[in-house]
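Data block below; observations after.
Heavy-atom basis, side chains included; hydrogens, waters and symmetry copies ignored. Counting begins at 1 with the first residue of the sequence.
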Amino acid sequence: MATDYDAPRKNDDDVNEDSIEELKNRSTNRQSAVVDEDETEAAEGFELPGADLSDEELQVRVLPAQSDEFTCTSCFLVRHRSQAIQGPNGLVCKDCED
């Protein structure tokens, strides 16, 4: 937590003047950190592992490799040409060079 060194400091007398009731009121006046959320609505967006997704259809736009990209022959990821290194079986990325 940041400390404001320009702020006036309390001395021990000021700290002892706070009554217990005043401190209790401060803690009860704070807003609750609990968020009201419907659990069933939140759970609808999650899919469990192994769920049957055969009837689901994805809407994904696939772009062909651009002129400044290549497909690594080791990990098969599309990478930028700046990461290309000539390997024995074609272009590989710097991550797969090892």
Side-chain angles (χ1 to χ4, degrees):
M1 186 170 135
T3 303
D4 183 9
Y5 293 104
D6 295 330
R9 296 186 182 167
K10 290 185 176 183
N11 56 24
D12 291 336
D13 296 332
D14 294 337
V15 173
N16 292 335
E17 289 177 4
D18 292 337
S19 67
I20 300 236
E21 290 79 20
E22 185 178 330
L23 294 173
K24 287 180 182 177
N25 287 338
R26 286 185 198 167
S27 65
T28 58
N29 289 341
R30 294 183 184 157
Q31 292 181 351
S32 173
V34 178
V35 177
D36 294 332
E37 184 176 325
D38 187 12
E39 292 177 6
T40 55
E41 286 182 18
E44 288 176 0
F46 297 108
E47 291 292 334
L48 296 176
D52 182 23
L53 301 176
S54 59
D55 60 338
E56 296 291 324
E57 189 172 317
L58 298 177
Q59 300 293 327
V60 179
R61 193 173 122 201
V62 178
L63 297 175
Q66 304 297 308
S67 61
D68 62 343
E69 296 176 332
F70 74 101
T71 303
C72 177
T73 56
S74 179
C75 66
F76 303 105
L77 293 175
V78 176
R79 302 288 189 135
H80 190 265
R81 288 265 180 214
S82 63
Q83 296 181 344
I85 297 173
Q86 185 61 43
N89 297 329
L91 293 176
V92 294
C93 63
K94 289 182 180 179
D95 294 337
C96 294
E97 174 188 22
D98 299 334

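Rounding to the nearest 0.5 Å gives a distance of 6.0 Å between OG of S82 and NZ of K94. The CD atom of E69 sits 11.0 Å away from atom CZ of R79, with the distance rounded to the nearest 0.5 Å.
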Let me have the donor-acceptor pairs involving side chains of residues 48-66, under 3.5 Å, with sequence neighbours excluded, atom names and distances please.
unit_1: D52; atom_1: OD1; unit_2: S54; atom_2: N; d: 3.2
unit_1: D52; atom_1: OD1; unit_2: S54; atom_2: OG; d: 2.9
unit_1: D52; atom_1: OD2; unit_2: S54; atom_2: OG; d: 3.4
unit_1: Q66; atom_1: NE2; unit_2: P64; atom_2: O; d: 3.0

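The one candidate from L77, T71, T73 that meets the side chain to side chain contact (heavy atoms under 4.5 Å, CB included) condition with C75 is L77.
Minimum heavy-atom separation, C72 to C93: SG-N, 3.4 Å.
Other residues sharing the hydrophobic cluster of L91, ordered by chain and number and joined by side-chain separations under 4.5 Å: F70.
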